[in-house]
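Comments concern the structure below.
So you know, we letter chains A, B, ... as the sequences are listed, proteins then strands, and number each from 1.
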Amino acid sequence: MTERPDRHPEPAPPAPRPGGIAARALGARPVPDYLVRLNPEQRLAVETTEGPVLVLAGAGTGKTRVLTTRIAHLLATGRAYPSQILAVTFTNKAAREMRHRIGDLIGPSVEGMAWLGTFHSIGVRILRRHAELVGLKSNFTVLDADDAVRLMKQLIQAEGIDEKRWPGKQLALLIDGWKNRGLTPKDVPPGEGGAFAGGKGVKLYTAYQERLKVLNACDFGDLLLETIRLFRENPDVLAEYQQRFQYMLVDEYQDTNVAQYLWLRLLAQGRRNICCVGDDDQSIYGWRGAEVDNILRFEKDFPGAVVIRLERNYRSTSHILGAASHLITHNEGRLGKTLFTDIADPEAAKVQVASSWDSEEEARAIGEEIEALQRQGHSLDEMAILVRASFQMRSFEERFIQLGLSYRVIGGPRFYERAEIRDALAYLRVVMQPADDLAFERIVNTPRRGIGETTIRLLHDHARARRIPMMAAAEELVQTSEIGAKARTALRDLVAAFARWRGRLDAVKHTELAEIILDESGYTEMWQQDRSADAPGRLDNLKELIRSMEEFESLEGFLEHIALVMDRDSADTTEAVSIMTLHSAKGLEFETVFLPGWEEGLFPSQRTLDESGRAGLEEERRLAYVGITRAKRRALIWFASNRRIHGLWQSTVPSRFLDELPEKHVDVVEQTSSYGGYNVGGIGNYGASRFDRADPFSNTYSTPGWQRAQKNRAASADKPTARPTMRVIEGELVAKSTGSASAYAIGERVFHQKFGYGTVSAIEGNKLTVDFTTGPKKVVDSFVTRG
DNA sequence: GCGGCTGGGCTTTTT
DNA sequence: GCCCAGCCGC
């Protein structure tokens with residue numbers, strides 16, 4: 001698009017009034033060069049420092065530049081100290097990137113920006129300072145999604161609900177949805193509580209929240225929700241932060257959910273210096289609670305807000321912009337922007353649309369296209385394949401392995417989500433916090449020590465009856481006959497080992513201690529003995545974990561960091577094609593972008609259409625828009641006539657989005673050949689592709705690439721295996737059994753589930769010696785009833 | 001307590 | 001068609 005829409009941003013007060021006192025005081029100082037590099041709209045967005053500002057920044061219009069320059073400007077002009085600026089992003093990656101780029105502008109003083117981070121990391125920071133006001137202790141644990149599901153599973157069991165019909169994961173999704181909308185259990189609309197297990201949704205939500213408090217833990221949603229509650233119930237605390245945050249900046253505002261919106265609005269009500277940057281056309285997270293409405297109603301919430309549109313695109317050719325812009329006009333309810341570029345590029349290729357017979361041929365054709373580009377000297381790093389769903393990645397991986405083409409899959413489980421990392425962290429968590437039951441239960445039988453379900457249930461019951469953590473329960477039970485001899489010895493050794501490791505916390509460097517723990521626990525050995533293909537990779541990951549601990553002062557600092565901030569590692573420097581989902585491509589750019597799988601049902605996704613109707617379709621269309629606008633010079637769209645979905649081959653219909661592309665910016669690659677009675681489309685002749693399968697006698701699965709892929713897949717497919725449990729923090733205080741007297745008396749007749757009837761012959765704290773018919777046993781009083 | 005088998009179910013993903 | 005979880009048999 002080259003036509004410039006006749007739309008001008010509303011005038012805003014420029015910082016120092018020309019000729020005014022401030023301006024004179026500034027003297028004839030030249031415009032700083034960080035401002036000279038901006039276009040007029042960007043500069044307005046940077047210099048309109050006071051009052052609410054909404055920057056509608058289209059794809060590739062310099063959004064991050066505006067944000068970072070704005071911060072640099074606030075600091076350079078002395079409007080705020082680094083510690084008085086709140087800058088929120090959605091991902092750690094974005095936060096890091098921003099910190100880095102601000103650092104380039106202002107130098108080391110960027111270190112003072114204590115409040116640059118994700119919603120969650122800022123939330124946890126605020127919450128730790130005022131934890132007691134919301135019923136937590138400042139050392140509360142942040143549970144990740146996996147821990148939360150385990151907890152919910154347990155509550156579902158406790159309610160006697162059929163776990164198969166009502167899985168914990170589903171409840172987690174439901175509660176997460178409520179939290180995204182800022183709803184505490186009592187706020188959930190009456191109609192919605194029935195959504196789970198015949199009306200028990202809200203009850204379980206309530207129980208879950210209570211349990212979290214007992215565990216002194218928060219889940220991700222609470223980091224926002226509890227901060228909101230903190231602010232609402234403590235106006236003085238809110239006022240303190242409103243005062244502190246002289247200027248607020250929010251990135252990717254179109255992705256905020258209701259909870260984040262409420263959080264921001266509370267804070268912004270103070271100074272009202274809030275600048276939100278976003279693009280309604282790139283809102284693609286509605287399914288996880290993002291509210292485009294937040295961006296659409298900004299002007300209503302902040303009367304007098306200045307709205308600035310950034311429409312000058314610096315990224316893509318006019319064909320790419322034209323195609324994307326035209327496609328997105330099919331959406332209703334937009335704020336409306338039209339991207340344009342001044343860059344004249346007569347050589348630029350139109351957006352290419354091609355078809356293939358099936359997904360395998362699609363992969364072959366794209367593979368050849370990539371190799372052709374590579375031969376022309378294009379870097380693989382500048383090419384990406386963006387898919388709608390991750391199952392599409394497979395055919396590309398397989399093909400690229402055959403070709404020996406190096407690729408990189410972006411996304412998937414993060415480093416700290418891998419089983420071996422979570423296990424190692426669980427050991428460290430228990431050392432730091434013996435009362436961390438979730439961590440304790442995770443590793444109590446990893447590696448296998450013969451402590452099975454029966455023993456764990458005993459520990460569990462005892463812990464619950466005595467209101468103590470499981471570690472303390474273990475300490476007590478190993479002194480009794482409650483547990484079988486084998487398990488008892490194993491458990492006693494484990495408890496002793498933890499006491500030993502804890503004793504060395506101050507004496508040994510934390511990285512060394514971690515190594516000692518992993519060795520002495522037998523955890524490292526477990527993987528050394530494992531002969532499966534991915535075991536070496538896991539050992540590498542463990543080494544990497546220790547290495548990453550080096551950057552931290554202490555174990556404590558490291559653990560706090562890893563729960564919230566640790567990203568997947570990607571020290572991979574070899575040149576490679578990127579394969580990722582459209583969602584994870586947001587914010588990135590490549591010279592060449594391949595967009596396969598544009599078929600009805602897949603893209604737009606049938607499920608989205610079924611679940612969300614027109615709104616869903618529009619979100620899918622925005623996803624298409626995001627995909628096309630990732631391309632700087634070449635965008636190639638593909639669709640297959642046949643695709644295997646859920647194992648079944650289905651013939652498919654081209655995506656409706658194809659017909660929504662403007663003819664003048666698109667080249668349709670006509671079907672060029674046909675083989676054996678069916679059409680084989682594609683760029684050039686890929687017809688032979690169906691016959692160029694690997695020799696059936698050669699084992700393509702033994703190539704190093706394949707093995708690597710298998711290894712990665714196996715590692716990434718890993719789900720933690722430990723079972724759910726609970727944790728009782730205050731129990732720590734009563735963990736020593738000698739403190740409480742038993743309710744039983746010598747000579748009293750008691751009943752025990754396992755040993756039957758007996759007579760109490762001795763009492764030591766809460767431990768009883770009981771003469772059963774099978775002989776005298778030491779048992780804990782919580783295991784017997786009066787008989 | 002652990003390994004092997006069977007059946008259900010299957011987008012997108014951050015913190 | 002494939003993967004994971006949960007169940008069953010040793």
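- Between A:Asp176 atom CG and B:dT15 atom C1' there is a gap of 10 Å when expressed in whole angstrom units.
- To the nearest 0.5 angstrom, A:Glu226 atom CD is 12.0 Å from A:Phe231 atom CZ.
- Summarising the geometry, the separation between NE2 on A:His120 and P on B:dT15 is reported as 9 Å, rounded to the nearest angstrom.
- Rounding to whole angstrom units, CD of residue A:Glu226 and P of B:dT15 are separated by 21 Å.
- Contact annotation: A:Ser605 does not reach the phosphate of B:dT12 (side-chain N/O to OP1 or OP2, under 4.0 Å).
- Within 4.0 Å (heavy atoms only), A:Gln392 reaches no atom of the nucleic acid at all.
- Between B:dT15, C:dG1, B:dG1, one nucleotide has an atom nearer to the side chain of A:Thr118 than all others, and that is B:dT15.
- In this structure, A:Gly452 reaches the sugar-phosphate backbone alone: every heavy-atom distance under 4.0 Å involves primed, P, OP1 or OP2 atoms, never a base.
- The pair A:Arg644-A:Asp358 fails the salt-bridge criterion, with no side-chain N (NZ, NE, NH1 or NH2) lying under 4.0 Å from an Asp/Glu carboxylate O.
- Using a 4.0 Å heavy-atom criterion, one finds that A:Ser612 contacts no nucleic acid atom at all.
- Separating the CG atom of A:Asn257 from the P atom of B:dT15 is a distance of 14 Å, rounded to the nearest angstrom.
- Per the stacking criterion (ring centres < 5.5 Å, plane angle < 30°), A:Phe391 does not stack onto the base of B:dC10.
- Taking side-chain N and O atoms only, A:Thr581 has a distance below 4.0 Å to OP1 or OP2 of B:dT13.
- Pairs passing the salt bridge (charged side-chain N to carboxylate O under 4.0 Å, His left out) check and including a residue from residues 113-124 of chain A, sequence neighbours excluded, do not occur.
- Between the P atom of B:dG8 and the CG atom of A:Leu648 lies a distance of 16 Å, rounded to the nearest Å.
- Closest approach of A:Asp279 to A:Gln254, counting heavy atoms only: N-OE1, 3.0 Å.
- Consecutive pairing runs in DNA chain B reach the stem threshold at B:1-10 with C:1-10, where a stem means at least three Watson-Crick or G-U wobble pairs with distances under 3.5 Å.
- Nearest to the side-chain atoms of A:Tyr285 among the listed nucleotides B:dT12, B:dT13, C:dG1 stands B:dT13.
- For A:Lys179 and A:Asp176, the salt-bridge test fails: no basic side-chain N is under 4.0 Å from an acidic carboxylate O.
- Spacing between atom CZ of A:Arg288 and atom P of B:dT15 amounts to 8 Å, rounded to whole angstrom units.
- Between A:Asn92 and the phosphate of B:dT15, there is a side-chain N or O to OP1/OP2 separation shorter than 4.0 Å.
- Taking the side-chain hydrogen bond (donor to acceptor under 3.5 Å, both in side chains) definition, one finds that A:Trp115 meets it with nothing, sequence neighbours left out.
- For A:Thr91, counting side-chain heavy atoms from C-beta on, the closest listed nucleotide (B:dC10, B:dT14, B:dC2) is B:dT14.
- Protein atom NE2 of A:His583 is 12 Å distant from nucleotide atom C1' of B:dT14, rounded to whole Å.
- Of the side-chain N and O atoms in A:Arg448, one or more sit less than 4.0 angstrom from OP1 or OP2 of B:dC2.
- No more than 12 heavy atoms of other residues, nucleotides or ligands lie within 6.0 Å of CD in A:Glu556, so this atom counts as exposed by the packing criterion.
- With contacts defined as side-chain heavy-atom distances shorter than 4.5 Å, the pair A:Phe140/A:Val142 qualifies.
- Dashed line: the shortest gap from a side-chain N or O of A:Lys153 to OP1 or OP2 of C:dG6 is under 4.0 Å.
- At the phosphate of C:dC3, OP1 or OP2 sits under 4.0 Å from a side-chain N or O atom of A:Arg394.
- For A:Phe220 and A:Gly450, each mapped to the nucleotide of DNA chain B holding its nearest heavy atom, the one lying further toward the 5' end belongs to A:Gly450.
- Within the structure, every side-chain polar atom (N or O) of A:Ser390 is placed at least 4.0 Å from both OP1 and OP2 of B:dC10.
- Of the candidates C:dG1, B:dC10, B:dG1, the closest approach to any side-chain atom of A:Thr454 belongs to B:dG1.
- The CE-C1' distance, from A:Met393 to B:dT12, rounds to 10 Å in whole Å.
- Contact annotation: A:Asn180 side-chain N/O to B:dT14 OP1/OP2 distance is not under 4.0 Å.
- Under the 4.0 Å criterion applied to side-chain N and carboxylate O atoms, A:Arg394 and A:Glu397 are not assigned as salt-bridge partners.
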